[in-house]
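Notes to accompany the following structure.
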Amino acid sequence: MNTTTLTIATTSEEVDHAARKAHTAFLAIADESPSTRAARLNVIADALRANVDELVALAGTDTNLAEARLQGELKRSAFQLDLFADEVRSGVALDATVDHADPDWGMGPRPDIRRVNVPLGVVGVFGASNFPFAFSVMGGDSASALAAGCAVLHKVHPGHQKLALRTGEIVVAALAEAGAPKGLFALVNGRSAAEALVDHPLVKAIGFTGSTVGGRALFDRANARPVPIPFYGELGSINPVFVLPTAWDARAEEILAGYAGSFTMGMGQFCTKPGVLFVPASASEEQLRGTLGTALEKAPLAKLLTPGLRESFGKARDEVASFDGVHALVPGTDDEVPSPTVLLIDAESVASNPEVLHREMFGPATVVVRYDDVTDLPELAAQMEGQLTATIHADEGDSSGELLSMLTGIAGRVLWNGWPTGVTVSYAQQHGGPYPATTAPGTTSVGTAAIGRFMRPVAYQDVPDAALPPALQEANPWGIARRVDGRMEPAGGNR
């Protein structure tokens, strides 16, 4: 499909054509080595870096985001591709496991069994509004799907369409340079194309970052197919922060300043933005208003990403402000470029109106909850839905064990004396969580483990060595890391 045609909506017929081409391309690379797959990722990373000035300029026009933010985001995307390439070369993502035949196995004679992860096929990826590089055309979902050996059809986000189209052209050209078959990566555009993408029988998984309403509709659609497919959706998160008494007494102003910086970062349009802060009842309104007000005066303000997001933010903020027991601590403004809003409520009112802990305000607004006793915090945490992150601020002398256990049950990432905004790409990173944070809490959309979402395991029993995939052959011709008879063998040799 020619990306230059995508300034208008892609038809269902065009989606079908793209899916068939993508499937053919996927089959063409089925037997490639890890080094070939990894090299392709490196070429895309180099192409993004080579076009950084053009892409950042386009992103600035499309999104209202600052140049420094966009530069950092593109750098992250290229780094992620290179990191994934290293992971692919090592073979770790394949999880190759060899159990040789064992006549003396504890439960009786064991046959020769060998298991490896294989790519799913064609993957549909939906671009996110708030990260035009890191969660869009060549963001985490696209990068991890390509690293897994899948083909990708990317649904353009209307909030940065010009950037998406140009990025798509660069990616397609880079893949051609790397020798990839045509159709391995393509763009589709428009609502009908989105529905056709989820419905298409050759599409085997979906990656999505967006609203709870939109994501849930597509999730239900994916599950309503004659053959349901995995839907890896990141939908919404409040990302609570709990400040324990000793920490509050020791560094309240520092904590409040850090909180102000975190919930206004990027105008509060990060999925990990902290939306609720729990502080002891000893925190007076004067203290909260004075410290937060001063810190928020320094917050950089800008237009929200799209008019639609601006409207949704205003509605959500006004709804939360109307809940019983809630009043404005820092009222903010309702301008086109809104200044930050801080709402205040006591824990007693939350108990009778827990919806205040469920309503995400995607923009520069947050809620402060004052609690009477630290023993109340686990119960307050239990009233929250699934989260991407949860944070504890505590010092020596604070009792946090029960709270930590509770947060482990509702969040994908638990932070200690830090702030949730900022999600590094690394091996141990977990960016996911119970619903509604995501639709697949056992997976991550950030970090090298994200590759595993777009693969599935296949075991081969008593298959002749020559017929096995190279990853499982006795000689290990790819030189990848494997687990053999229960013991890890590191990567090495000819790859």
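Salt-bridge formation is not detected for the pair K303/D335: no Lys NZ or Arg NE/NH1/NH2 atom is positioned less than 4.0 Å from an Asp or Glu carboxylate oxygen. Salt-bridge formation is detected for the pair R191/E195: a Lys NZ or Arg NE/NH1/NH2 atom is positioned less than 4.0 Å from an Asp or Glu carboxylate oxygen. Between D62 and K162 there is no salt bridge, since no side-chain nitrogen of the basic residue lies less than 4.0 Å from a carboxylate oxygen of the acidic one. Remark: E73 does not engage R76 in a salt bridge, criterion side-chain N to carboxylate O under 4.0 Å. The existence of a salt bridge linking R49 and D82 is confirmed by a sub-4.0 Å separation between a basic side-chain nitrogen and an acidic carboxylate oxygen. Residues R221 and D199 are paired through a salt bridge, judged by an N-O separation under 4.0 Å between the basic side chain and the carboxylate. Ion pair R166/E54 flagged as a salt bridge, since at least one NZ, NE, NH1 or NH2 atom sits closer than 4.0 Å to an Asp/Glu carboxylate oxygen.
Nearest heavy atoms, L305 versus S129: CD1-O, 3.5 Å. The two residues A148 and P119 come nearest to each other via the heavy atoms O-CB, 3.1 Å. Contact record, F185 with L175: CB-CD1, 3.4 Å, taken as the closest heavy-atom pair. Smallest separation of non-hydrogen atoms from D372 and A281: OD1-CB, 3.7 Å. Of all non-hydrogen atoms in L120 and R453, the two that sit nearest each other are CD1-O, 3.8 Å. The heavy-atom pair separating V122 from A19 by the smallest distance is CG2-O, 4.1 Å.
For the pair Q430 (side chain) and T443 (backbone), a donor-acceptor distance under 3.5 Å is present. Formation of a donor-acceptor pair under 3.5 Å by the T291 side chain with backbone atoms of L256 is not found in this model. With hydrogens and angles disregarded, a donor-acceptor distance shorter than 3.5 Å links the side chain of T24 to the backbone of R20. With S136 contributing its side chain and A128 its backbone, the two residues share a donor-acceptor pair below 3.5 Å. Checking side-chain atoms of T439 against main-chain N and O of Y435 turns up no donor-acceptor pair under 3.5 Å. Under a 3.5 Å cut-off, the side chain of E14 and the backbone N or O of T11 do form a donor-acceptor pair. A distance-only check finds no donor-acceptor pair linking the side chain of T391 to the backbone of L415 [under 3.5 Å]. Looking only at distances, a side-chain donor or acceptor of T408 sits under 3.5 Å from a matching main-chain atom of L404. Within the 3.5 Å criterion, the main-chain N or O of P274 finds a donor-acceptor partner in the side chain of Y259. Side chain of N353 to main chain of G325: no donor-acceptor pair is present (N/O by atom type, distance under 3.5 Å, no hydrogens or angles).
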Go through L403 and F242 one step at a time and tell me if the side chain to side chain contact (heavy atoms under 4.5 Å, CB included) criterion holds. CA-CA 9 Å; L403 176 61; F242 297 82; 3.8 Å; yes
Would V276 and V356 count as a side chain to side chain contact (heavy atoms under 4.5 Å, CB included) if you check the C-alpha gap in whole Å, the side-chain angles of each, and the deciding distance to 0.1 Å? CA-CA 9 Å; V276 59; V356 73; over 6 Å; no
Side chain to side chain contact (heavy atoms under 4.5 Å, CB included), that's the test. Do M267 and F313 meet it? Break it down for me. CA-CA 11 Å; M267 285 296 286; F313 164 67; over 6 Å; no
R225 vs D220, test: salt bridge (Lys or Arg N to Asp or Glu O under 4.0 Å). Steps then yes/no. CA-CA 9 Å; R225 288 172 37 144; D220 291 343; over 6 Å; no
Could you give me the CA-CA distance, side-chain angles and deciding distance for H431 and L388, then say whether side chain to side chain contact (heavy atoms under 4.5 Å, CB included) is met? CA-CA 6 Å; H431 191 63; L388 291 171; 3.8 Å; yes
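Atom CZ of R310 has more than 12 heavy atoms from other residues, nucleotides or ligands within 6.0 Å. Remark: E67 CD is loosely packed, at most 12 non-hydrogen atoms of other residues, nucleotides or ligands lying under 6.0 Å away. For E253, the CD atom is loosely surrounded, since the number of other residues' heavy atoms within 6.0 Å does not exceed 12. Under a cut-off of 6.0 angstrom, the local environment of CD in E348 is sparse, with at most 12 non-hydrogen atoms contributed by other residues, nucleotides or ligands. Within a 6.0 Å radius of CD in E379, other residues, nucleotides and ligands contribute 12 heavy atoms or fewer.
Between the side chains of T421 and T272, no donor-acceptor pair of N or O atoms lies under 3.5 Å. Judged by distance alone, the side chains of N239 and T389 do bring a donor and an acceptor atom under 3.5 Å apart. E234 and T438 share no donor-acceptor pair across their side chains, judged by distance under 3.5 Å alone.
Here the CE atom belonging to M384 is positioned 12.5 Å from the CE atom belonging to M406, to the nearest 0.5 angstrom. Note that the CG atom of N64 and the CG atom of L309 stand 11.0 Å from one another [nearest 0.5 Å]. To the nearest 0.5 Å, the span separating CD1 on I206 from CG on D141 amounts to 10.0 Å. Here Q80 contributes atom CD and K75 contributes atom NZ; the two are 14.5 Å apart, rounded to the nearest 0.5 Å. Here the straight-line distance linking atom CD of E285 with atom CD of Q287 works out to 11.5 Å at 0.5 Å rounding. In this structure, CD1 on I392 lies 12.0 Å from CZ on F278, to the nearest 0.5 angstrom.
Partner L81 forms a side-chain contact (heavy atoms from CB on, under 4.5 Å) with one of L48, D46, V425 and no other, that one being L48. Each of F126, F135, F219 was compared with F208 under the ring-ring contact (aromatic ring centres under 6.0 Å, His included) criterion, and only F126 meets it.
Considering only heavy atoms from C-beta on, L83 comes within 4.5 Å of T448 through its side chain. Residues L277 and V367 form no side-chain contact, since every pair of their non-hydrogen atoms from C-beta on lies 4.5 Å or further apart. A 4.5 Å side-chain heavy-atom check between D16 and L202 finds every atom pair outside the cut-off. For the pair R370 and L288, the minimum side-chain heavy-atom distance is below 4.5 Å. Side-chain contact between K155 and T10: absent, with no pair of heavy atoms (C-beta onward) separated by less than 4.5 Å. At a threshold of 4.5 Å between non-hydrogen side-chain atoms, the residues L380 and Q383 count as touching. The shortest distance between side-chain heavy atoms of T341 and T366 does not fall below 4.5 Å. Contact annotation: the side chain of I29 approaches that of R40 to within less than 4.5 Å [non-hydrogen atoms, C-beta and beyond].
The ring of Y232 has its center closer than 6.0 angstrom to the ring center of F454.
Aromatic ring orientation, W419 versus H393: tilted (interplanar angle from 30° to 60°). Using the six-membered ring where Trp is involved, H160 and H157 have ring planes that are parallel, under 30° apart on the 30 and 60° scheme.
Cation-pi geometry between R69 and F131 is met: the NZ or CZ atom falls under 6.0 Å from the ring centre, inside 45° of the normal.
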